[in-house]
Structure formats: C-alpha cells, structure tokens
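Written below as structure tokens is the structure these notes are about.
Please read these numbers as outputs of a predicted model, since none were measured by experiment. In the text below, chain A, chain B and the rest are named by the order of the sequence lines, each starting its count at 1. Any value given below was found using the heavy atoms of this structure, including those in side chains, with hydrogens, waters and symmetry copies removed.
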Amino acid sequence: MPDIQTILEGLLGEAVAAAFGTEFADADPILRQATNPQFGDYQANLAMGLAKRLNQKPRDIADAIKEKLPIGDTLVNAEVAGPGFINLTLNADLLGSQLAGIIKCDRLGVPVDPTPTQVVIDYASPNLAKEMHIGHLRSTIIGDAIARVLEFQGQHATRQNHLGDWGTQFGMLLEHLIDTGWEQSDDHHIGDLNTLYQEAKKLDDADPGFADRARKRVVALQGGDEQSLTLWRMLIDESVRHMNDIFTRLGVALSNDHLKGESFYNDRLAPVAESLQSAGVAVESEGALCVFNDTDDAPLIVRKSDGGFGYAATDLAALRHRIEDLGGQRLIYVVDSRQRDHFNKFFATARRAGWVGDTQLEYVPFGTIMGKDRKPFKTRDGGTVRLTDVLNEAIDRAGKVIAVKAPDLSPDERDKIAKIVGIGAVKYFDLSNDRIKDYVFDWDRMLALEGNTAPYLQNAYVRIRSIFRKGEVDPATLDGGAIKLEHQAERALALQLLQLPRIVGSVADSLEPHRLCTYLYELASSFHKFYEKCPVLAADTEAQRLSRLALCDLVARTLKQGLELLGIGTVERM
RNA sequence: GCCCACGUAGCUCAGUUGGAUAGAGCAGCGGACUUCUAAUCCGCAGGUCACAGGUUCGAAUCCUGUCGUGGGUACCA
C-alpha cells in the first residue's frame, strides 16, 4: 500500500491536470504536514508557485485545484486558506487502514532499498596510545547510529575503525615498556594506558638519550624489525582490549572485524606518493611532496621532508582501499569539524588523481563537547575526561534515581536497568544535538526525566509495557483492523506513527541522527498526552480497548526500533 | 591577514531543506494522582530569530556586507 504522502501527491497531480491540463500534472505539489491541527493534516503549497506560469491569482488556482479534489475515502475536507494554501484533512479510516498495514510488519513500514549502495563508514577511530576519552565519544556514537540507520534501510554498510596504531608516539611507548621489563613479564595486562603514556612522555621530554632511542625504535618498527613488531603487537592487543571494553559498554556495533588501523596501509603509502607524483598531481616543495589545490592555501603534504608519511598519505591509501578493494560507492567519514580543511584538500586530491570515479565522498563533521566554562570539556584539574569514568558516573546517577522511583525492584534488576538508562542518557544527549554544533556537557540535563532525553522516551515505552502486563495481553494477537481513531490524541499518534519511513530516509540522506531523536521525542510526548486522556484497559467498549491496545503496541515498537537505530536500549520497568 | 562553521525565550536546544500567529524542555508562577508507572499531564508568563540590505507572492531558513563566538591556517592526527 502506498504511503499517505504518495496517495495525496497522486490526487493533487490528477486535480492539477484536471484543472489546468496534463502538462501541469508533474508540478511538485509541495506537500507538507500541517503546522497546526486547525489547518488539517497536510497542506499543499503549489498554487503560489503556479501563479506566474498560469498568470492567475494564487487563490483562484488553489480554488480550481480544490474543486477537482475528490472528497470521500481519502479526504474528508479540502479548504483554501491564506495566500493559496490547500489544507487537507484525511479520512480517519484511511489512517486506520494505513496502521493496519504496518502492524504486522516488523519494519513498521520502512521500505528496504531495492538497489542498495555499498557504503563504507569510518568512525570511532581512536588513537591507541591513550585510553579512550570524551573526545572519542561523538565520532563513535554518531557513526554507529548512522551505520545502523543505513543498514536498516538495506544498504550494505562496511564499518571501518581507522585506528591510530602507527604514530611516532609508539616509539617512546615501546622503549618504556622495554625499560620496565613489561615484555619479559608473564602478565601483559596494562591497568592504565594513560599512566604509561604520561611516564613515557615525561622521559621523552627530559632524557635526550631516551628520546633518541624512541625515534630509532619508530624507524625500526616501520621498517619491519621483527622484535619491534612483536612488542608492538602485544601493546596493540592490550590497547584494543581496553577499547573493546568501552565499545561493549557503549553498545556500539564495532568488533575486531572492523579494525583497520594506520599500520594496515604502511606498504601502500609509497605507491600513493609515486602515483600522485607521476600523474603531476603532487610536486616537491620545500623538500616535501605536496598537492596544491588552491594556490594561496597550504598544501596537502603527502610525504614529509624527512621522507616519512603523515596522515594525508594514509587517508589517501585508505580511500583507494575502500573504493578499489571494498567496492565503496559511498564513503562516509565521521570526523570532528576541525578537520574540515584537511578533508576538502584530501577529497580534492583524490578526485584529481582519478581515484574517486562515481563514488560519493561525504565528510560528516561534528562539534566539540564543552564544559560549563564553554571550553573543551576537561576534568577539574584540567586533564582529559576518560570515557570509562563518564559511563561509570552515568550508571551511578541513573541507579540512584531508580532506587528512589522503583524501590521494589531487586538490586540485580536495578543494576541492569541503570546501565541501560545511564548509558542511553549519555548517548541520546549527544545524538539529540545537531551534530555540527558544539554542546555543553551537563549531567543534570542528561539524566533529566523530562524533556528531550532518553529516560523520557524509555519511560513512555515502560508505561506501554506496563499496560500489556496488567491487562495480560499478548501484542501478537492484536489486529490492526481494529484500529478506530476517535479521540484527537489517537489521531495525532496515528499521523506520527506513519512518519517513521520518511524520518529514516531523512536521516539516511542528511546523516543527522538528531532528526530521529526529535521525532521520537514528539512521538513519546504525544503518547503521554494520549495516556492521560484515553484509558486503554478501562476503555468504554471492547472495540475501543482493542483499538487503543493496537495503537499502544505500534508506539512501543516504534520507540524501541527508533532507539535501537540510535544504539539505545529499552527496559520493561524503571 | 585569509578560509570555515555557528549566532533563535533568562538557560539548554528544535524548527520537516523557502510556507500561515517561530516551537519544546529547564528555571518562575498556578493546577491535576482512591482509576493502565506523577520518571506524567494541563494552564500562565517569556522573542527586534545578532544587525543591515537583497532575492521572492512568502525568509529564522537562500545571497551580500557588518559585528560577535569558536575552529583551521606547511610537514601531529
């Protein structure tokens, strides 16, 4: 069954053709949801645009179109208002039958793309030398949500965790591990990666002998020295273990299958440089191999004057790998907005080299997490905020609220719920902001129970589940044919439930997960209003009870599915 | 200096890709629990959409300029 917008666009096209001739049938009806219930359910704004083409007054055009619109099964009313808006009110039975069409569908009406795209998405990508900190949160969470949405749409998403596992800092880390006898010991567990890094850094700054050994160690490592590589692998394994702990706790769908660090591209860097140089795209300047895309601008430096390769070369090699080996038709990079210039240059270079072809390159920038002082978020003493500490705190705070609100639950259940609610709150707070903007990290607002927060959405879900428990109703037995929309709160819910496919499509196009957050918040809000006004179990009639139960089920499933696309869980009680 | 992003209620943010009287939450004030979870709902109050032009039937949204904030600006990523 076509969705409502498609049906309405069809009717409007026919009406325009009937009024002004078939050459106008394909005019965009500019169909929008009504901003206010008093204007009906939808409005078509095409009359104003046609005024010039037809050389008639917009209102007259709107009237003529309106006259040709059939009133009956689909529309119960059409009115012309303002400068020429055509306000459309839908037949409640149509909404009901649309809902009946999705209640048995586990995708809630969201279509599967019949011609899926091979998408390669780069996100998280932490530097392995240090423990994951607050600066890694956004790429990880936003990238994960985008990957989930694209996958749900049916796209083939290949996740790439482009680890920083090959930088110069590994020289000093390895030397320090050798000095402390770590490689010889039996236990290769590292409790605190940050301490290791700080100790090595201190030595590197203070002791020229150590610094010299560290530099030589990098050369040996990158040159393929077996002893260095063995030790390096041990360190990487340990660091990856730390990273995976965080991913597991965050519920991020990244595993070792998605790991592809900078080291992977090591032997592909020289060919990149040679190929750019021989194509005349890159030229030598001040001893470095550079690509000048704009004469005034700083160049993209492919090879440093000391002969080493920087991240530009790695990014280019990774791009080739993703297109040539992984078959990427759409490459997505979820990387913070300060790297905008780099991505412009890097993309321009790849295009000039002829490596891109028809592949879409998309840089998905995001803003910085700020402290209350409006500066990048730091601990009280100015250190970086560790991600694991943030998660602990979130779970702790959620647990305290649950202890007050749901004291009858067992400690075990409370812990489980606290994890889902606490981590969901952190993720949702991040995702619900327009990703391009900086935002201020605020515990109180994050775990707030009202407003556009994860607990508010989760609570709507909990209230619905509670109805089914109390009523001892199995949702699977419900029939969409029973849905009758009588109360305006029911009608509002129906209209919103039917928007999910559009919202998913819009997130997939814009790569802006906060659109899904806004939608889910409005849905939850509509549900809470419905809940206050429309008794479900104690409905007036059995038919009404069944209808409302079916509506509740759809809301619950939409919330659960929506949160799942954001990588956030739901609970049965809280 | 140059380049980029952002600027919406006291605070934190949305605004369906140009549509009607710009919407939420918090904070403030006032209401609603013997009835499905009050982690909820209802009401009041709060705005020169930074500013000035321009395009358009129509601008918070697009264009130009100004101011403010943040970021980037040759070998770290």
Exercise. Determine if Phe39(A) stacks with A20(B); use a centre-to-centre distance below 5.5 Å and an interplanar angle below 30° as the criteria.
Key: yes
[X]: which residues meet the ring pair (Phe, Tyr, Trp, His ring centres under 6.0 Å) condition with it, sequence neighbours left out?
{"X": "Phe264(A)", "answer": "His321(A)"}
{"X": "Phe343(A)", "answer": "Tyr333(A), Phe346(A), Phe347(A), Tyr363(A)"}
{"X": "Tyr531(A)", "answer": "Phe527(A)"}
{"X": "His514(A)", "answer": "none"}

Show each protein N/O and nucleotides 34-36 of chain B N/O combination with a separation under 3.5 Å, one pair to a line.
unit_1, atom_1, unit_2, atom_2, d
C36(B), O3', Lys470(A), NZ, 3.4
C36(B), O2, Leu537(A), N, 3.0
C36(B), N3, Val536(A), N, 3.0
C36(B), N4, Tyr531(A), O, 2.6
C36(B), N4, Cys534(A), O, 3.2

Quickly work out the [X] [atom1] to [N] [atom2] distance and round it to whole Å.
{"X": "Leu88(A)", "N": "A20(B)", "atom1": "CG", "atom2": "P", "result": "16 Å"}
{"X": "Tyr439(A)", "N": "U12(B)", "atom1": "OH", "atom2": "C1'", "result": "13 Å"}
{"X": "Asp41(A)", "N": "A20(B)", "atom1": "CG", "atom2": "C1'", "result": "16 Å"}
{"X": "Asn45(A)", "N": "U17(B)", "atom1": "CG", "atom2": "P", "result": "10 Å"}
{"X": "His528(A)", "N": "G25(B)", "atom1": "NE2", "atom2": "P", "result": "12 Å"}
{"X": "Ile369(A)", "N": "C13(B)", "atom1": "CD1", "atom2": "P", "result": "12 Å"}
{"X": "Asn36(A)", "N": "A22(B)", "atom1": "CG", "atom2": "P", "result": "11 Å"}
{"X": "Glu450(A)", "N": "A39(B)", "atom1": "CD", "atom2": "P", "result": "10 Å"}

Check nucleotides 5-8 of chain B for protein N or O atoms closer than 3.5 Å to its own N or O atoms and list the pairs.
unit_1, atom_1, unit_2, atom_2, d
G7(B), OP1, Lys437(A), NZ, 3.3

Exercise. Using the side chain to side chain contact (heavy atoms under 4.5 Å, CB included) rule, take Thr314(A) and His162(A) through it: C-alpha gap first, then chi angles, then the decisive distance, then the call.
Key: CA-CA 10 Å; Thr314(A) 313; His162(A) 190 77; 3.9 Å; yes
Could you give the distance separating [M] and [N] at their [atom1] atoms, to the nearest angstrom?
{"N": "C36(B)", "M": "C29(B)", "atom1": "C1'", "value": "31 Å"}
{"N": "C33(B)", "M": "G10(B)", "atom1": "P", "value": "34 Å"}
{"N": "C11(B)", "M": "C63(B)", "atom1": "P", "value": "27 Å"}
{"N": "U16(B)", "M": "A22(B)", "atom1": "C1'", "value": "14 Å"}
{"N": "C62(B)", "M": "G68(B)", "atom1": "C1'", "value": "22 Å"}
{"N": "U40(B)", "M": "A45(B)", "atom1": "P", "value": "23 Å"}
{"N": "C76(B)", "M": "C2(B)", "atom1": "C1'", "value": "23 Å"}

Counting the atoms with a prime plus P, OP1 and OP2 as sugar-phosphate, which does [X] contact under 4.0 Å by heavy atoms, base, sugar-phosphate, or nothing?
{"X": "Asp442(A)", "result": "nothing"}
{"X": "Asn344(A)", "result": "nothing"}
{"X": "Ala81(A)", "result": "base"}
{"X": "Asn452(A)", "result": "nothing"}
{"X": "Val440(A)", "result": "sugar-phosphate"}

Practice problem: Output all residues satisfying salt bridge (Lys or Arg N to Asp or Glu O under 4.0 Å) with Arg435(A), sequence neighbours left out; order by chain, then residue number. | Solution: none
Quiz prompt | Set of residues satisfying side-chain hydrogen bond (donor to acceptor under 3.5 Å, both in side chains) with respect to Arg217(A), sequence neighbours excluded | solution = Glu175(A), Ser228(A)
Exercise. Identify whether the glycosidic angle of C33(B) places it syn (within 90° of 0) or anti.
Key: syn
Quiz item: Under a 90° cut-off about 0 for the syn range, is U56(B) syn or anti?
Solution: anti
Practice problem: May I ask you to verify whether the side chain of Gln43(A) and the base of A20(B) hold a donor-acceptor pair under 3.5 Å? | Solution: yes
Quiz prompt | Any Arg32(A) side-chain nitrogen or oxygen under 4.0 Å from OP1 or OP2 of G19(B) | solution = yes
Quiz prompt | Tyr456(A) vs C41(B): side-chain N/O to OP1/OP2 distance below 4.0 Å | solution = yes
Practice problem: Report yes or no: does Asn194(A) contribute a side-chain atom to a donor-acceptor pair with the main-chain N or O of Glu131(A) at less than 3.5 Å? | Solution: yes
Exercise. Examine distances only and state if a side-chain atom of His136(A) and a backbone atom of His133(A) form a donor-acceptor pair shorter than 3.5 Å.
Key: yes
Practice problem: Dump the intermediate steps for side chain to side chain contact (heavy atoms under 4.5 Å, CB included) on Asp336(A) and Thr368(A), then the final yes or no. | Solution: CA-CA 8 Å; Asp336(A) 86 89; Thr368(A) 309; 5.5 Å; no
Quiz item: For RNA chain B, which consecutive runs of 3 or more Watson-Crick or G-U pairs (each distance under 3.5 Å) count as stems?
Solution: B:1-7 with B:67-73, B:10-13 with B:23-26, B:28-32 with B:40-44, B:50-54 with B:62-66
Quiz prompt | Full working for side chain to side chain contact (heavy atoms under 4.5 Å, CB included) between Met172(A) and Tyr197(A) | solution = CA-CA 8 Å; Met172(A) 67 184 196; Tyr197(A) 183 89; 3.7 Å; yes
Self-check item: Neighbours of RNA chain B within residues 507-516 of chain A, by heavy-atom distance under 4.0 Å
Solution: Ser510(A), His514(A), Arg515(A)
Every protein N/O lying under 3.5 Å from an N/O of nucleotides 54-62 of chain B:
unit_1, atom_1, unit_2, atom_2, d
C57(B), OP1, Lys52(A), NZ, 2.5

Sort me out a list of protein N/O and nucleotides 70-77 of chain B N/O pairs below 3.5 Å, or just none if empty.
unit_1, atom_1, unit_2, atom_2, d
G72(B), O2', Asp341(A), OD2, 3.0
A74(B), N6, Ser285(A), OG, 3.2
A74(B), N6, Glu286(A), OE2, 3.3
A74(B), N1, Ser285(A), OG, 3.0
C75(B), O2, Ser305(A), N, 2.7
C75(B), N3, Ser305(A), OG, 3.0
C75(B), N4, Glu286(A), O, 3.4
A77(B), OP2, Tyr311(A), N, 3.2
A77(B), O3', Glu262(A), OE2, 2.8
A77(B), N7, Tyr311(A), OH, 3.4
A77(B), N6, Tyr311(A), OH, 3.1

Quiz prompt | Trp232(A) and Trp166(A) aromatic ring geometry - parallel, tilted or perpendicular at 30°/60° bounds | solution = perpendicular
